Novice: 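Pasting a structure below so you can have a look.
Here the structure is a predicted model, which is why all the values come from computation and not from measurement. Both ligands and their constituent atoms are indexed starting at 1 by order of listing.
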Amino acid sequence: MQAANVTVVDHPLVQHKLTLMRRIESSSSTFRTLLREISHLLAYEVTRDLPLKQVEIETPLVKTKAPALAGKKLCLVSILRAGNGLLEGILDLIPSARVGHIGLFRDPKTLQAVEYYYKMPSDLGNRLVIVVDPMLATANSSVAAVTRLKEGGAKNIRFVCLLAAPEGIEAFSKAHPDVAIFTAAIDDHLNEHSYIVPGLGDAGDRIYGTK
Ligand code: PRP
Ligand code: URA
């Protein structure tokens, strides 16, 4: 199953690094480094159609016109905690982006997203908003985050993750058909605890070395 609104970033470097991340023996330090590297390549893909405008500049030789990003600075939104692992690398490429944070954890019993923090830049409605979270499992967290952002005025939203489950893509696309998903891979299924299989385990725990 692949919904129309999904881009799988199947670049060989992304796939190779993702395989290293999945390995149980990869340390938190290795995991974080690889996530940052992959996030550069995901950022490249999610921003490839950003609008440009011609600006006047002066090189050491002549005055000329050259392309520069147009429009209001975009907004990156990290779904805490694990979203921060993707956020840092994307900020490397778009350092002037505004950054919002939404704190959500997945209740292990109900699997519903529980919000504990919300802080966004102003003027969401006039910015491209890129929401980042490595894992799209049931999609309860990402659906809740995007719903909250729409309530806050966001109109133009994209979602970037590392791994998605087919079930999560279906649920997310049903709830937010206007939001394009960018992912490095679509895995096989969710297990009885709604973990992605084969997956990489709990992304937050792997980034921060918790259990
Ligand atoms: C993980 C992950 C997503 C969510 C995905 O976060 O980072 O936010 O689970 O699952 P879902 O699609 O079924 O909602 P978690 O709740 O473990 O919080 P953490 O980032 O603080 O570890
Ligand atoms: N959250 C994770 O971190 N990993 C999963 O496999 C599912 C939800």
Novice: Using only heavy-atom distances, determine whether the side chains of Ser26 and Arg206 contain a donor-acceptor pair under 3.5 Å.
Specialist: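 Note: Ser26 and Arg206 side chains miss the donor-acceptor criterion.
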Novice: Closer than 4.0 angstrom, basic N to acidic O: yes or no for Lys73 and Asp123?
Specialist: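 No salt bridge links Lys73 with Asp123.
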Novice: Is the closest heavy atom of Ala82 to ligand 2 under 4.0 Å?
Specialist: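 Judged by the 4.0 Å heavy-atom criterion, Ala82 does not count as contacting ligand 2.
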Novice: Could you list which atoms of ligand 2 come closer than 4.0 Å to a heavy atom of Ser194?
Specialist: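 That gives atoms 7 (C) of ligand 2.
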Novice: Under 3.5 Å between any N/O of Ala139 and any N/O of ligand 1: does that happen in this structure?
Specialist: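 Such a contact does occur with ligand 1.
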Novice: In the protein, what heavy atom is nearest to atom 6 (O) of ligand 2, and what distance, to one decimal place, separates them?
Specialist: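 Among all protein heavy atoms, the one nearest atom 6 (O) of ligand 2 is Ile196 N, 2.8 Å.
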Novice: Which ligand 2 atoms are under 4.0 Å away from a heavy-atom of Ala137?
Specialist: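 Counting atoms of ligand 2 from 1, those under 4.0 Å from Ala137 are 7 (C), 8 (C).
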Novice: Indicate yes or no for a side-chain donor-acceptor contact from Thr183 to the backbone of Leu162 under 3.5 Å, with no hydrogens or angles considered.
Specialist: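 Yes; judged by distance alone, with no hydrogens or angles, the pair exists.
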Novice: Show which atoms of ligand 1 fall inside a sub-4.0 Å distance from at least one heavy-atom site of Phe105.
Specialist: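 Contacts of ligand 1 toward Phe105, numbered from 1: 16 (O).
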Novice: Between Asn191 (side chain) and Tyr195 (backbone), is there a donor-acceptor pair under 3.5 Å?
Specialist: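 Looks like yes, one N/O pair under 3.5 Å.
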Novice: Taking the side chain as C-beta and beyond, is there a heavy-atom pair between Leu13 and Leu41 under 4.5 Å?
Specialist: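 Side chain of Leu13 against side chain of Leu41, heavy atoms only: contact under 4.5 Å found.
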Novice: Looking only at the side chains, is there a donor atom on one of Thr30 and Thr33 sitting less than 3.5 Å from an acceptor on the other?
Specialist: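 The answer is no; no qualifying pair exists.
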Novice: Would Met135 count as being in polar contact with ligand 2, using the rule that some N or O on each side must be under 3.5 angstrom apart?
Specialist: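 By distance alone, the answer is no.
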Novice: Please report which non-hydrogen protein atom sits nearest to atom 11 (P) of ligand 1, along with the residue it belongs to and the distance in Å to one decimal place.
Specialist: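 Atom 11 (P) of ligand 1 sits closest to the protein heavy atom Thr138 OG1, 3.4 Å.
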Novice: Quick one: does Asp202's side chain have a donor or acceptor within less than 3.5 Å of a partner on Gly204's backbone?
Specialist: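 Such a contact is found between Asp202 side chain and Gly204 backbone.
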Novice: Using a 4.0 Å cutoff against the non-hydrogen atoms of Ala82, which atoms of ligand 1 qualify?
Specialist: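 Once the distances to Ala82 are compared, the set is 7 (O), 20 (O).
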Novice: Provide, to 0.1 Å, the distance between atom 5 (C) of ligand 2 and the closest protein heavy atom, together with that atom's residue and name.
Specialist: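 For atom 5 (C) of ligand 2, the nearest protein heavy atom is Tyr195 CD2, 3.3 Å.
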Novice: Under 3.5 Å, is there a donor on one side chain and an acceptor on the other for Asn5 and Ser173?
Specialist: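 No - no donor-acceptor pair under 3.5 Å links their side chains.
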Novice: Just distances here: any N/O of Gly201 and N/O of ligand 2 closer than 3.5 Å?
Specialist: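 N/O-N/O distance under 3.5 Å: yes.
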Novice: Under a 3.5 Å cutoff, is there a donor and acceptor pairing between the side chains of Asn84 and Ser78?
Specialist: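 Ser78 and Asn84 do have a side-chain donor-acceptor pair below 3.5 Å.
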Novice: Less than 4.0 angstrom from a charged side-chain N to a carboxylate O is my criterion; do Arg81 and Asp133 meet it?
Specialist: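 Salt bridge absent between Arg81 and Asp133.
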Novice: What protein heavy atom lies closest to atom 3 (O) of ligand 2? Include the residue and the distance to one decimal.
Specialist: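 Its nearest protein heavy-atom neighbour is Ala203 N, 2.8 Å.
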Novice: Give me the nearest non-hydrogen protein atom to atom 16 (O) of ligand 1 as residue plus atom name, then the distance to 0.1 Å.
Specialist: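 Heavy-atom neighbour on the protein nearest atom 16 (O) of ligand 1: Arg106 N, 2.8 Å.
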Novice: Less than 3.5 Å between some nitrogen or oxygen of Ala137 and one of ligand 1, yes or no?
Specialist: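 N/O-N/O distance below 3.5 Å exists for this pair.
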Novice: Do me a favour and list the nearest non-hydrogen protein atom to atom 5 (C) of ligand 1 with residue, atom name and distance?
Specialist: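 Among all protein heavy atoms, the one nearest atom 5 (C) of ligand 1 is Met135 O, 3.5 Å.
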Novice: Please determine whether any non-hydrogen atom of Arg106 lies less than 4.0 Å from an atom of ligand 2.
Specialist: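 A heavy atom of Arg106 does come that close to ligand 2.
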Novice: Purely on distance, is any nitrogen or oxygen of Gly204 under 3.5 Å from one on ligand 2?
Specialist: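 No, since none of the N or O atoms of Gly204 sits under 3.5 Å from an N or O of ligand 2.
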Novice: Determine, using heavy atoms of Asp202 and all atoms of ligand 1, whether some pair is separated by less than 4.0 Å.
Specialist: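 So Asp202 counts as touching ligand 1.
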Novice: Got an N/O contact under 3.5 Å between Asp133 and ligand 1?
Specialist: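 Yes: some nitrogen or oxygen of Asp133 is under 3.5 Å from one in ligand 1.
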Novice: Under 3.5 Å, is there a donor-acceptor pair between the Thr147 and His176 side chains?
Specialist: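 Result is yes, a qualifying pair exists.
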Novice: Write out the residue and atom name of the closest protein heavy atom to atom 22 (O) of ligand 1, then the distance separating them to 0.1 Å.
Specialist: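 Of the protein heavy atoms, Arg81 NH2, 2.9 Å lies nearest.
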Novice: Can you name the residues that form a ring-ring contact (aromatic ring centres under 6.0 Å, His included) with Phe159, not counting sequence neighbours?
Specialist: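 With neighbours one apart ignored, the set is Phe172.
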Novice: Within the protein, is there a heavy atom lying under 4.0 Å from atom 14 (O) of ligand 1?
Specialist: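 Given the 4.0 Å cut-off, atom 14 (O) of ligand 1 counts as touching protein heavy atoms.
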Novice: Which ligand 1 atoms, with their elements, are less than 4.0 angstrom from a heavy-atom of Gly204?
Specialist: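 Counting from 1, the qualifying ligand atoms are 22 (O).
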Novice: Can you tell me which residue and heavy atom of the protein come closest to atom 4 (C) of ligand 1, and the distance to 0.1 Å?
Specialist: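 Answer, as residue, atom name and distance: Ser141 OG, 3.5 Å.
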Novice: What residue and atom, counting heavy atoms only, is the protein's closest point to atom 18 (O) of ligand 1, and at what distance?
Specialist: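 Result for atom 18 (O) of ligand 1: Leu104 O, 4.0 Å.
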Novice: Under 4.0 Å from a heavy atom of Leu80: which atoms of ligand 1 are those, numbered in the order shown and with their elements?
Specialist: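 Those qualifying, in numeric order: 20 (O).
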Novice: Do Glu115 and Arg148 meet the salt-bridge criterion of a basic N to acidic O distance under 4.0 Å?
Specialist: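 Counted as a salt bridge, because a side-chain N and a carboxylate O are separated by less than 4.0 Å.
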Novice: Ion pair present between Asp49 and Arg158, side-chain N to carboxylate O less than 4.0 angstrom?
Specialist: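 Between Arg158 and Asp49 there is a salt bridge, with a charged N closer than 4.0 Å to a carboxylate O.
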Novice: Does Leu42 belong to the same Ile/Leu/Val/Met/Phe/Trp/Tyr cluster as Leu136, with side-chain heavy atoms less than 4.5 Å apart forming each link?
Specialist: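 No; tracing contacts between hydrophobic side chains, which count when under 4.5 Å, never links both residues.
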